[in-house]
Chemist: 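Can you read through this structure? Questions will come right after.
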Amino acid sequence: MASIQSTSMATPELSALTNLISHSASSQPLSASTVQILHNLQHQHLWTSIQIHDLKDPNLRASALGAELATIPSEDQTAPRYLISGIPPHRVYTHPDEQLYLLERGLREEDIELDRMFVLPTVKNQPWSLRKMTSVFDALPDQVDIQAEEASMNDGDETNDGASGEKKAKLVEYYEYRKKARLTKEWGGKRLLLAMVDRGMGGDGTVVYYVVQEGAVKPRQN
């Protein structure tokens, strides 16, 4: 009579993302999703200089992963709490008027220093309202990463070593005009990326990003 041998299945190791969430965030779904989206931005979309900001901090000071990702009060489970900021590997959005400005001066988007962008972590089917979105835009600074922007202007010679003197002059003119255009919102108001992760029943953890802008958006002409 043939004997039956039993084999034990080894428990699979936790993924790098699961370990990151377990050690860096609380069990609250919003803080865990923030870390998951940060991981997605860094490793799948190759963002750099990534930071997490607490929306309850009026100065939006960068917080470290871990203790700063505090437990969210139970009555505030669906309210936005955290923002992520970072520098993408390429431009995510260009306002039509800014695009026209670049075309008229023979500049390409590749010639321009990349901006720091804010990302709002959300979960699929998370309740939202205009009041909540407005509170997020109110928390954003009027000028994103001014120091980095000024550095890009001062270091233009290093960044564009191969550019002609005429092109360098056009870039300096562009950066100066961009500062004014952002103050007057000529090139649109504040904008961010809305990151939505599918973590529901049967969800595969896919993250989708949407460009969200404050106020009315000028239609793009073809």
Side-chain angles (χ1 to χ4, degrees), residues 10-93 114-129 131-141 144-145 147-148 190-214:
T11 303
E13 296 183 359
L14 297 178
S15 67
L17 176 57
T18 301
N19 282 323
L20 177 64
I21 293 176
S22 301
H23 291 89
S24 301
S26 73
S27 59
Q28 297 296 338
L30 294 185
S31 57
S33 298
T34 299
V35 178
Q36 180 176 350
I37 293 170
L38 182 147
H39 184 274
N40 182 266
L41 288 169
Q42 181 178 7
H43 295 285
Q44 183 169 342
H45 298 284
L46 305 180
W47 283 40
T48 57
S49 303
I50 301 178
Q51 299 173 337
I52 290 182
H53 308 269
D54 192 333
L55 275 173
K56 295 187 182 299
D57 182 351
N59 296 317
L60 274 182
R61 291 190 297 269
S63 63
L65 289 174
E68 290 299 324
L69 288 175
T71 301
I72 302 172
S74 57
E75 67 274 9
D76 201 24
Q77 289 291 326
T78 62
R81 174 67 190 269
Y82 302 110
L83 282 177
I84 301 172
S85 74
I87 301 177
H90 54 78
R91 277 202 152 198
V92 177
Y93 174 87
L114 295 170
D115 286 332
R116 174 173 292 275
M117 289 202 66
F118 281 100
V119 180
L120 176 61
T122 64
V123 181
K124 184 180 178 181
N125 297 326
Q126 178 180 345
W128 272 97
S129 66
R131 182 186 297 274
K132 289 181 183 179
M133 186 60 71
T134 300
S135 67
V136 173
F137 277 113
D138 287 344
L140 294 180
V144 179
D145 208 2
Q147 292 182 348
K190 302 174 184 177
R191 68 178 64 97
L192 54 77
L193 285 182
L194 180 75
M196 184 178 297
V197 58
D198 185 4
R199 299 188 66 190
M201 182 67 69
D204 59 0
T206 299
V207 184
V208 181
Y209 298 90
Y210 302 91
V211 177
V212 181
Q213 306 198 61
E214 182 184 35

Chemist: Do you know which two heavy atoms are closest between Pro89 and Leu46, and how far apart they sit?
Modeler: CD-O, 3.8 Å
Chemist: Can you tell me which residue among Asp198, Val197, Ile37 is in a side-chain contact (heavy atoms from CB on, under 4.5 Å) with Val123?
Modeler: Val197
Chemist: Are any non-hydrogen side-chain atoms of Ile84 and Trp47 less than 4.5 angstrom apart?
Modeler: no
Chemist: Could you work out, with side-chain hydrogen bond (donor to acceptor under 3.5 Å, both in side chains) as the rule, every residue matching Gln42, not counting sequence neighbours?
Modeler: none
Chemist: Roughly how far, to the nearest 0.5 Å, is the CG atom of Asp138 from the CE atom of Met133?
Modeler: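 The distance works out to 12.0 Å.
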Chemist: Once side-chain contact (heavy atoms from CB on, under 4.5 Å) is applied, do any residues pair with Val211, and if so which ones, sequence neighbours excluded?
Modeler: Val92, Tyr93, Leu193, Gln213
Chemist: Quick check against the 3.5 Å criterion: does Thr122 have a side-chain atom that pairs as donor or acceptor with the backbone of Ala195?
Modeler: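 Yes, Thr122 side chain to Ala195 backbone: donor-acceptor pair under 3.5 Å.
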Chemist: Hey, what do you get for CZ (Arg191) to CG (Leu140), rounding to the nearest 0.5 Å?
Modeler: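 Nearest 0.5 Å value for the CZ-CG distance: 11.5 Å.
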Chemist: Of all heavy-atom pairs between Arg116 and Ser85, which one has the smallest distance, and what is that distance?
Modeler: NH1-OG, 2.9 Å
Chemist: So do Leu83 and Leu120 actually touch side chain to side chain, heavy atoms under 4.5 Å?
Modeler: yes
Chemist: List the residues meeting ring pair (Phe, Tyr, Trp, His ring centres under 6.0 Å) with Tyr209, not counting sequence neighbours, and say none if there are none.
Modeler: His45
Chemist: Measure the CD-OH distance between Gln51 and Tyr82 for me, rounded to the nearest 0.5 Å.
Modeler: 15.5 Å
Chemist: Could you walk me through whether Asp115 and Arg91 pass the side chain to side chain contact (heavy atoms under 4.5 Å, CB included) test, one step at a time?
Modeler: CA-CA 8 Å; Asp115 286 332; Arg91 277 202 152 198; 4.0 Å; yes
Chemist: Please answer whether the main-chain N or O of Phe137 pairs with a side-chain N or O of Lys190 as donor and acceptor at a distance below 3.5 Å.
Modeler: yes
Chemist: Checking Thr48 now: which residues fulfil side-chain contact (heavy atoms from CB on, under 4.5 Å) with it, not counting sequence neighbours?
Modeler: Ile87
